Amino acid sequence: MKETSEATAGKHQLRIIFDGVIAVGPPRPADGGREQDGPLFGVMAHSTRRGSDLARRTGEGPKYIPMHVPTVYTTMTPVENSRPPDEVFQQSKFKPKWNIWHPVRERMEFRFDDSGKPGTLVYDDPAILGQSPGAVGRQASVHSIDRVPDAREIWPGRSFLLDGMMTAATPVRREAEAQILVPWGNVTGGGIFDKADGVEVVFSPARGSDQPRTVAPNVIVSVDVHEVEIAMYSLDGAGERLDSLKFRLDQDAELWVSNGDPSDTAIDIENLGDGTPEPFLPDHQRDRELVFADFQRAFDQTVGIAVDPNDLRRFTSVLYGGGGGIMELNVAANQNVRSTEFDIDFELFYTLTEGKDDGRGLPIPLKSDGKPFQGPNCLCKLVECHERLHLKSND
């Protein structure tokens, strides 16, 4: 559903970024076409701490897959009558404030400018592919959707969601920890941090191609809107309507929908905050510059050595609060990163898809150079779905 320039006047681009263990579809049409009917769907795998298939088969690799938690986070401020955040995180007064929700066992239906009516999904629109990170609301790099791991290539026999994974009826199968439906938009792949340019992997044990491929970890849906509402429903009991998340866009923005383990999510939010161009708060930046000028003069007069301008951030962040705490938080979080050449969390996708395990192993991404992933290594995966996707928000 592509709008005219007149229709998009005064709107801002919202990028919905799927991150972590989320089965997303529909994938690009098999004939390579660029459009098909919406909505885009996503399902998050339920995960408490569980033994890994890799360790069971080989005695190697991580023995356990950690717990994963559905999380929505954004620097956008919800409107007054919106569901309040479950958590608020801010590294310091110089950095953005992140509003965080945990929609465990909930269905999230996106509505754009009061409409949840399905439209058209456009894959790899050239205008979207040409966008780069760095501007406000553009932290992630953009890739072709073909770079996102695709179940049809990894293991064709396990490419469809189990029946009942995306149903609007309740209760929903326990394998699904959350559901997401986006009615229309421009769909691409995406990458952040060490995976901004993608990462080269092989899938082991091979069920499809055994050749190395460069994959992108995220799926991005881009839309031009004034307002966005996420209508929420329980996946248990009678599927009651819950309070919505609502935002009004006054500039381009990103909203992250994630299914990761808590330490990975914390690292992502901290790193995204670090990428915010300074000054984030002009008044505080002016204060920092004045203090630094005094500091530089005093140091120069005392020891006769000019201070390296790069010390500005280190010095004033400690002076104005959060400096030492930020360092400790980052160190503590990074110590919890599982440094391995395998993305062991990828095994969780097979709890969502049709087909039975035959004992030969569940294909998971392995860094082709044999070196560990750097930072959080969860990847999204494209899957197919037999079900007709019914949006409750249109009822």
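The first residue in the sequence is number 1, and the count goes up from there. Values in this document were obtained by computation on a predicted structure and should not be read as measured data.
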Quick check: closest heavy atoms across [X] and [Y], and the distance to 0.1 Å?
X	Y	result
R57	G359	CD-O, 3.9 Å
L245	S82	CA-OG, 3.4 Å
Y350	K381	CE2-NZ, 3.5 Å
T170	A238	OG1-C, 3.2 Å
G191	N218	CA-OD1, 3.7 Å
A55	P62	CB-O, 3.6 Å

Q | Any pair counted as salt bridge (Lys or Arg N to Asp or Glu O under 4.0 Å), so long as it reaches residues 187-210, sequence neighbours left out | A | R207-D358
Quick check against the 3.5 Å criterion: does [X] have a side-chain atom that pairs as donor or acceptor with the backbone of [Y]?
X	Y	answer
D113	V225	no
R34	Y123	yes
H143	A196	yes
W101	R83	yes
E109	K392	yes
E387	M165	yes
D86	H102	yes
N259	V21	yes
D124	L129	no

Q | Check ion pair D357-R158 (N to O, under 4.0 angstrom) | A |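 Here D357 pairs with R158 in a salt bridge, since their nearest N and O are under 4.0 Å apart.
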**Q.** Ion pair check, R50 and E347, cut-off under 4.0 Å
**A.** no
Q. Testing R107, R173, R174 for salt bridge (Lys or Arg N to Asp or Glu O under 4.0 Å) with D236, which one passes?
A.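 Checked R107, R173, R174 against D236; only one passes salt bridge (Lys or Arg N to Asp or Glu O under 4.0 Å): R174.
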Would you say that [X] contacts [Y] through its side chain, given a criterion of any heavy-atom pair below 4.5 Å between the two side chains?
X	Y	result
K367	P372	no
K246	P78	no
M108	Q179	no
Y73	D19	yes
I344	Y64	no
T71	E87	no

(Q) Restricting to side chain to side chain contact (heavy atoms under 4.5 Å, CB included), what partner residues turn up for R152, sequence neighbours left out? (A)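 Per chain and number, R152 pairs via side chain to side chain contact (heavy atoms under 4.5 Å, CB included) with P27, A30, D150, S159, E384.
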[atom1] of [X]: more than 12 outside heavy atoms within 6.0 angstrom?
X	atom1	value
N81	CG	yes
R49	CZ	yes
R248	CZ	no

Report the distance from atom [atom1] of [X] to atom [atom2] of [Y], rounding to the nearest 0.5 Å.
X	Y	atom1	atom2	value
I364	L366	CD1	CG	7.5 Å
D37	L389	CG	CG	11.0 Å
L352	M44	CG	CE	11.5 Å
I230	L242	CD1	CG	13.0 Å
I128	Q13	CD1	CD	4.5 Å
M166	H386	CE	NE2	14.5 Å

Q.
Can you list, by chain and residue number, the hydrophobic cluster partners of V172 when the side-chain cut-off is 4.5 Å?
A.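 Besides V172, the cluster holds L235.
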Q) With hydrophobic residues grouped by side-chain heavy-atom distances under 4.5 Å, do V69 and W256 end up in a single group? A)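 No; W256 is not reachable from V69 via cluster members.
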Q. Out of curiosity, does F160 fall in the hydrophobic cluster containing F349 (side-chain heavy atoms, cut-off under 4.5 Å, transitive links)?
A. no
Q) Once the angle between the rings of F112 and W184 is folded into 0 to 90°, is it parallel (under 30°), tilted (30 to 60°) or perpendicular (over 60°)? A) perpendicular
Q: Taking the six-membered ring for Trp and the full ring for Phe, Tyr or His, determine whether the centres of F346 and F203 are under 6.0 Å apart.
A: yes
